[in-house]
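Have a look at this one before I ask anything.
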Amino acid sequence: MKLIDLHTHSTASDGSYSPAEVVRLAKEGGLAAMALTDHDTVDGLPEAMAAGEEFGVEVIPGVEISAQFPGGTMHILGLFVEYHNGRLDQRLAVLKQARIDRNPRIIAKLNALGIPITMARVDRISGGGQVGRPHIARALMEAGYVQDLQEAFDKYLGWHRPAYVSKFRFPPDQALAMIREAQGIPVLAHPFTLGLGSASALKNLVIELKGLGLAGLEVYYSEHTPEQEALYLKLARELDLQISGGSDFHGLNKPEITLGSMPSQDKLTYNLVEALKAWRRREYHLGRKV
Ligand SMILES: [Zn+2]
Ligand SMILES: [Zn+2]
């Protein structure tokens, strides 16, 4: 059985392994295909694609875009995005700049609380990729202010906590549109993080998003309960949405997740990739070879 993982992160965003290392780990985990879906960037894709050739893993170019959704977290995956022409990169540059501007503001808040963390230290921890709150959390841990990463978010960095700084996000329609402009497949990631109270509220939202271009649901995910998985599968079938799934691998930044061994890994098989490819060919009128 050919197994897959359509949701992973590298040092191009907040993962701890380089894009090539993630691909190597996918190979070691026995995966036939994986998507690299870094937050708000396609910078890791060339390296990942090259590593895919080297290690014999099919690498699907992806991205995970954070969209505005007050009261919850809305992440939209773009699978099979065209990243060579620079257009998607250009659209995402706004988010990149917003993220860059945000870190010094978080550090300033921590400094004002009497915590002497520096941006230089956080940059070094990040290993040269996109710098974000997980790296600041590691700096807090290193300096002994918290025991673990979760405590850093609970005490300082999370929403409504003293060092929280809000960030710019695209409205959902724009996030969906930019993925479609790149001939990608927009998939709603980990639907439970939307924080919707009921299945009917989720269904209504998904119907609305489908009207704006959504094409798939992330049914299988490391943190989905069997009940959530069943609900999302039913919803995908009812609304004629593509089925996707992945671990949300972040390397050492989420050590409990490893490649190739997530819950429901046996359901993440290559036929999902075939179905996604077929959808994409139909939707964008592409040739058989794509
Ligand atoms: Zn996410
Ligand atoms: Zn993710």
Side-chain angles (χ1 to χ4, degrees), residues 4-19 21-23 25-26 29 31 34-45 48 59-81 92 95-96 98-99 126 129-135 137 149-150 153 157-159 167-170 172 175-176 178-179 184-196 202 205-206 209 214 216-224 228-229 232 244-260 262-265 268:
I4 62 162
D5 188 326
L6 302 179
H7 190 160
T8 70
H9 296 271
S10 74
T11 47
S13 64
D14 57 350
S16 72
Y17 293 108
S18 71
E21 285 170 326
V22 175
V23 177
L25 291 167
L31 298 176
M34 60 153 273
L36 185 69
T37 55
D38 276 306
H39 294 286
D40 307 327
T41 182
V42 292
D43 289 353
L45 295 180
V59 177
I60 293 155
V63 66
E64 181 174 23
I65 301 177
S66 304
Q68 274 170 24
F69 192 68
T73 297
M74 183 187 288
H75 286 174
I76 300 172
L77 295 161
L79 299 175
F80 293 96
V81 287
L92 294 171
L95 293 173
K96 201 179 286 180
R99 206 179 276 251
S126 78
Q130 199 182 83
V131 185
R133 287 185 298 169
H135 306 113
L149 300 181
Q150 191 56 52
F153 279 85
L157 304 174
W159 196 43
K167 69 175 170 188
F168 170 80
R169 288 187 171 92
F170 288 111
L176 292 162
M178 71 181 75
I179 291 167
I185 307 173
V187 171
L188 181 65
H190 41 68
F192 73 98
T193 64
L194 295 163
L196 295 171
L202 176 64
L205 178 74
V206 172
L209 292 174
L214 186 74
L217 273 191
E218 190 170 52
V219 169
Y220 307 109
Y221 185 76
S222 295
E223 293 170 43
H224 285 172
Q228 285 169 331
E229 194 178 289
Y232 304 151
S244 187
S247 62
D248 211 359
F249 178 73
H250 278 73
L252 303 174
N253 295 331
K254 275 192 186 176
E256 68 283 6
I257 299 172
T258 52
L259 285 175
M262 65 175 273
S264 298
Q265 179 67 67
L268 278 171

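Values reported hereafter were calculated over all heavy atoms of this structure, with side chains retained and with hydrogens, waters and symmetry mates removed. We count ligands from 1, going down the list as the structure has it; atoms in each ligand are counted the same way.
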When you compare the side chain of Leu77 with that of Pro186, does any pair of heavy atoms fall below 4.5 Å? no

Among Val23, Asp5, Val42, Leu45, which one satisfies side chain to side chain contact (heavy atoms under 4.5 Å, CB included) with Leu36? Leu45

Could you measure the distance from the CD atom of Glu64 to the OG atom of Ser13? Nearest 0.5 Å is fine. 8.0 Å

Below 2.8 Å, any N, O or S contact between His9 and the Zn ion (ligand 2)? yes

Between His75 and His39, what is the ring plane arrangement, given parallel below 30°, perpendicular above 60°, and tilted in between? perpendicular

Which residues and atoms, protein N, O or S only, are under 2.8 Å from the Zn ion (ligand 1)? Glu64 OE2, His75 ND1, His190 NE2

Any donor-acceptor pair under 3.5 Å linking the side chain of Ser126 with the backbone of His135? no

List for me each residue that meets side chain to side chain contact (heavy atoms under 4.5 Å, CB included) alongside Ser244, sequence neighbours excluded, and say none if there are none. Leu6, Leu79, Val187

